[in-house]
Novice: 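Got a structure here, written out as structure tokens. Questions coming.
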Amino acid sequence: MRKLLVMSLLVTSCAVNPLKDVDTNGLTYDGTDVYYEGELCAELSAVEVAFDDGKIVREATFVLVDSKYNDQAISIIKLVKDLRPSLEVEVELKK
């Protein structure tokens with residue numbers, strides 16, 4: 001019984017981070033814009049304050065400048081979240 005309890009605690013205390021293995025190589029962030037290999041790929045379009053899941057949160061929305069950067073969206077989220085952990089980050093894709 002004790003082994004089962006310890007295993008349960010380990011499983012429930014280890015949160016899965018879906019961004020853990022996302023690669024951010026080639027991306028840089030200057031506080032408002034994100035660059036991929038030196039080229040502008042996303043611009044900060046809005047910062048909002050929201051009530052989400054019982055908490056006040058700040059959300060930052062980045063808009064990609066071109067659809068060729070759509071594949072970088074998740075990497076952009078990870079980069080900005082790592083550098084500004086207090087922000088909720090979203091990226092708008094281009095058609």
Novice: Closer than 3.5 angstrom, by distance alone: can the side chain of Lys78 be matched with the main-chain N or O of Asp23 as a donor-acceptor pair?
Specialist: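 Between the backbone of Asp23 and the side chain of Lys78 there is no qualifying donor-acceptor contact (under 3.5 Å).
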Novice: Using side-chain heavy atoms (C-beta onward) and a distance below 4.5 Å, is Val49 in contact with Ile56?
Specialist: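 Side chain of Val49 against side chain of Ile56, heavy atoms only: contact under 4.5 Å found.
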Novice: Once rounded to the nearest 0.5 Å, what's the spacing between atom OG1 of Thr24 and atom NZ of Lys81?
Specialist: 15.0 Å
Novice: Can Lys68 and Glu39 be counted as an ion pair, charged N to O under 4.0 angstrom?
Specialist: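 So Lys68 pairs with Glu39 through a salt bridge.
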Novice: State, to 0.1 Å, how close Cys41 and Tyr35 come at their nearest heavy-atom pair, and which atoms those are.
Specialist: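 Of all heavy-atom pairs spanning Cys41 and Tyr35, the closest is SG-C, 4.1 Å.
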Novice: Would you check if Gln72 and Ser75 make a side-chain contact, meaning some heavy-atom pair closer than 4.5 Å?
Specialist: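 Yes, their side chains come closer than 4.5 Å.
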Novice: With rounding to the nearest 0.5 angstrom, report the OG1 to CG distance, Thr28 to Asp33.
Specialist: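 Nearest 0.5 Å value for the OG1-CG distance: 9.5 Å.
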Novice: Could you go through the side chain to side chain contact (heavy atoms under 4.5 Å, CB included) check for Glu43 and Thr32 one step at a time?
Specialist: CA-CA 6 Å; Glu43 298 174 307; Thr32 57; over 6 Å; no
Novice: With rounding to the nearest 0.5 Å, note down the distance linking CG in Leu27 to CG in Asp82.
Specialist: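 Here the rounded value is 11.0 Å.
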Novice: Nearest 0.5 angstrom please: Tyr36 OH to Asn25 CG, how far?
Specialist: 8.5 Å
Novice: One pair to check against side chain to side chain contact (heavy atoms under 4.5 Å, CB included): Val63 and Lys94. What are the steps and the verdict?
Specialist: CA-CA 8 Å; Val63 176; Lys94 290 286 186 181; 4.0 Å; yes
Novice: Report yes if the side chains of Ser67 and Leu93 come closer than 4.5 Å at any heavy-atom pair, otherwise no.
Specialist: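 No. Closest side-chain heavy atoms not under 4.5 Å.
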Novice: Could you pull out the closest heavy-atom pair between Val57 and Glu88, with the gap in Å?
Specialist: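 Between these two residues, the closest heavy atoms are CB-CG, 4.1 Å.
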Novice: Closest heavy-atom contact between Gly31 and Leu44?
Specialist: O-CD2, 4.2 Å
Novice: Nearest 0.5 Å please: distance from the CG atom of Asp21 over to the CD1 atom of Ile74.
Specialist: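 The CG atom of Asp21 sits 13.5 Å away from the CD1 atom of Ile74.
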Novice: How many angstroms lie between atom CD of Glu92 and atom CZ of Phe62, to the nearest 0.5 angstrom?
Specialist: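 Those atoms lie 11.5 Å apart.
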